[in-house]
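Following: one structure in structure tokens, then a few remarks.
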Amino acid sequence: MNGDGAPQAFTPQERAVLSRHFTALEGPVFALTDLPEVVKGALFARYSRSPKSLRRLFLDEFASNGAPEGAAEKAGDVDVGRAERLYERVFLEYGDDSVAQLGGVHLAVEDASQLLAKILERGRLAGYLEQSTRYIPYTGRPFRYHVPQEVIDQDLEGRYRAVLDAAFQTYARWLEPAQAMYRERFPQDPGDPDAVYRATIRAKALDTLRPMLPAATQTNVGIYASAQSFEQLLLRMRGHPLAEVRACADRMLVELRKVIGAFLTRVDVPDRGGAWTEYLAAGRDAAAAAATEALRGAIAEPRPEVALVEWDPEGEAKIAASALYEASGLPDDQLMERVRAMDAEERARILRAAIGERGNRRHRPGRAFERAGYRFDILCDYGAFRDLQRHRLLTIQWQRLTPQHGFELPDDVRALGPDAESDWRQVMTASADLHGLLGDRCGPEVAQYAVSMAYRIRFAMQMNAREAMHLIELRSSPQGHPTYRRIAQEMHRQIREVAGHTAIADAMSFVDHGTVDLERLEAERRTEAKRRAMQTAPGG
């Protein structure tokens, strides 16, 4: 179809060009394939101001087969040079930042410390996958941890490596005894294949022991993001106080420019990205100085692991009013008056109708549930924080990682015997001592690398009811880690009992409050069943 709704006609030569870059040559819906990111971005930017269909626009203005020889850099039959010039004109001259949302890149960042990984994964509008400490034992030599440049500069590398090597050696030494304990405690079901049982036991042992490892432990992170998201990430990273983060930003910029260079022209321009980075860094430093001045002498009061500190008393009424909004013609304030006049059962009936029959936890109600919110203050070990931090759509703020809040000592480490508990405590003590030394010599940011992930970190999570449903149901599921399962269960309880939002809590019907012995067993069984089904399917 063309812009007037009439069928489009393409010559055989045009169809040959289009077939390489469009999944369909007929019909109004199609996808783009095998095009440089800058071409896709520029093509859509031009599309927004052209009466032509996308396929006709591509042929007329982006296909290079009609361009004079040498007139532009070419990638096959695509005029990349023209796309870059168009992008620069639209983006730089007119400031259309939305254009930078139209180019995306898959980027791998390997050997990132846990601190760097959390910075990489902070952006909301991106997708991430991280190497899992639940499935991969960190027992290979040399041990995988980051040695910060700041430590090398202070001539502390020897001491640093000795403490971290000892932590990794202790972790490795107790891995087989932990698996043996779990094999004895949870004998293999005759119906479970050996592979399922072995994977479950190993995951249980790795879950128990991973808090021994320091925040310097390295991981691999896969990222998919738009050019705009990468730009924002790089601006923050380039002004970060850790040398590892700044060096990673430099390497990322080099590689991203090979793919979406035109989208990232502002990042290191002094009066553009440079000024932006300076603003972010200055704001961070000013906030830290203000906190030091305002909170001098203050000591943290004791708090439970999870505390619901803020909620909307009218949350359920507001969700009920929002649920009625799209189905009515009434103003929002009038709907609120009507809902306020209802009794609790009437409001609950509206909420039940909005929720519907949920077949599984992925069936979540609509945006009406985004009108009520909760803020939780949480104090848990850094290992569990790493998993909860990945819920990027909510608002999360975390404090610096230090030994000051104490560490977790899992019951199963005690069950391994006094030698295991003694080793655990020795690792924690050495971690705290090294943290103090690095803090004195290198500063508090660098000192975080030394802190074992068993130490607790304080962070706040603020979310609406819809995101709370997603987080709590997912993180309370039986295959989850025991620590964040406990946190999710407590968040659900406090929404019901502290906020008094009974109907919202009831809507979270897939929250699991049960106890689980082998967290990964059912998940491994399901995976094995799917694998067997694929093998027996026709063509499998």
Side-chain angles (χ1 to χ4, degrees), residues 124-128 306 308-376 378 387-396 460-480 484-514 523 526:
R124 282 191 174 98
L125 302 180
Y128 308 93
V306 179
L308 177 59
V309 297
E310 186 178 305
W311 68 92
D312 189 340
E314 283 198 306
E316 290 192 341
K318 289 180 177 178
I319 290 177
S322 293
L324 296 173
Y325 186 84
E326 293 183 24
S328 76
L330 300 181
D332 193 64
D333 60 332
Q334 184 180 351
L335 285 169
M336 276 300 302
E337 290 178 9
R338 295 290 294 267
V339 170
R340 286 188 181 110
M342 297 176 182
D343 60 31
E345 178 52 36
E346 286 181 286
R347 288 196 294 267
R349 187 161 54 247
I350 294 170
L351 291 180
R352 286 194 295 269
I355 294 160
E357 295 295 327
R358 300 181 65 208
N360 58 60
R361 64 175 176 80
R362 293 175 176 82
H363 294 171
R364 288 187 291 276
R367 292 194 172 183
F369 276 71
E370 296 176 6
R371 191 165 180 181
Y374 309 97
R375 184 176 175 92
F376 293 92
I378 301 172
D387 293 306
L388 294 171
Q389 184 266 350
R390 296 187 184 122
H391 290 265
R392 303 174 301 281
L393 294 185
L394 50 75
T395 297
I396 182 166
M461 304 182 80
Q462 190 164 336
M463 66 200 82
N464 59 50
R466 192 166 184 253
E467 179 65 12
M469 176 182 289
H470 165 66
L471 184 152
I472 293 171
E473 290 184 338
L474 174 64
R475 295 303 179 182
S476 69
S477 58
Q479 65 266 34
Y484 67 61
R485 285 195 77 229
R486 183 176 70 238
I487 290 169
Q489 291 163 351
E490 182 62 14
M491 292 168 79
H492 185 239
R493 185 193 70 79
Q494 293 191 30
I495 288 174
R496 178 187 299 278
E497 298 179 11
V498 178
H501 292 175
T502 305
I504 294 176
D506 287 345
M508 302 178 189
S509 52
F510 291 93
V511 177
D512 191 314
H513 281 277
R526 289 195 296 271

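The figures here come from the full heavy-atom set of this structure, side chains too, leaving out hydrogens, waters and symmetry mates. FYI, the numbering just counts along the sequence from 1.
Residues that satisfy the side chain to side chain donor-acceptor pair (under 3.5 Å) test with E346, not counting sequence neighbours, are absent from this structure. Applying the side chain to side chain donor-acceptor pair (under 3.5 Å) criterion to N464, with sequence neighbours excluded, gives no partner residue. For S477, the side chain to side chain contact (heavy atoms under 4.5 Å, CB included) test picks out Q479, with sequence neighbours left out. With sequence neighbours excluded, the residues forming a side chain to side chain contact (heavy atoms under 4.5 Å, CB included) with A507 are I355, F369, M469, listed by chain and number. Checked against side chain to side chain donor-acceptor pair (under 3.5 Å), H363 has no partners two or more places apart in sequence or in another chain. Residues forming a salt bridge (Lys or Arg N to Asp or Glu O under 4.0 Å) with E310 (at least two apart in sequence, or on another chain): none. Residues that satisfy the side chain to side chain contact (heavy atoms under 4.5 Å, CB included) test with D512, not counting sequence neighbours, are S476, P478, R485. Residues passing the side chain to side chain contact (heavy atoms under 4.5 Å, CB included) test with L125 are S229, sequence neighbours excluded. Looking at residues two or more places apart in sequence or on another chain, you find a salt bridge (Lys or Arg N to Asp or Glu O under 4.0 Å) between R371 and D332. E370 pairs by the side chain to side chain donor-acceptor pair (under 3.5 Å) definition with R466, not counting sequence neighbours.
A salt bridge (charged side-chain N to carboxylate O under 4.0 Å, His left out) check over residues 488-499, counting only residues at least two apart or in different chains, returns the pairs E490-R493, R493-E497, R496-D506. For residues 351-363, the set of pairs meeting the salt bridge (charged side-chain N to carboxylate O under 4.0 Å, His left out) definition, not counting sequence neighbours, comprises E345-R352, R358-E473.
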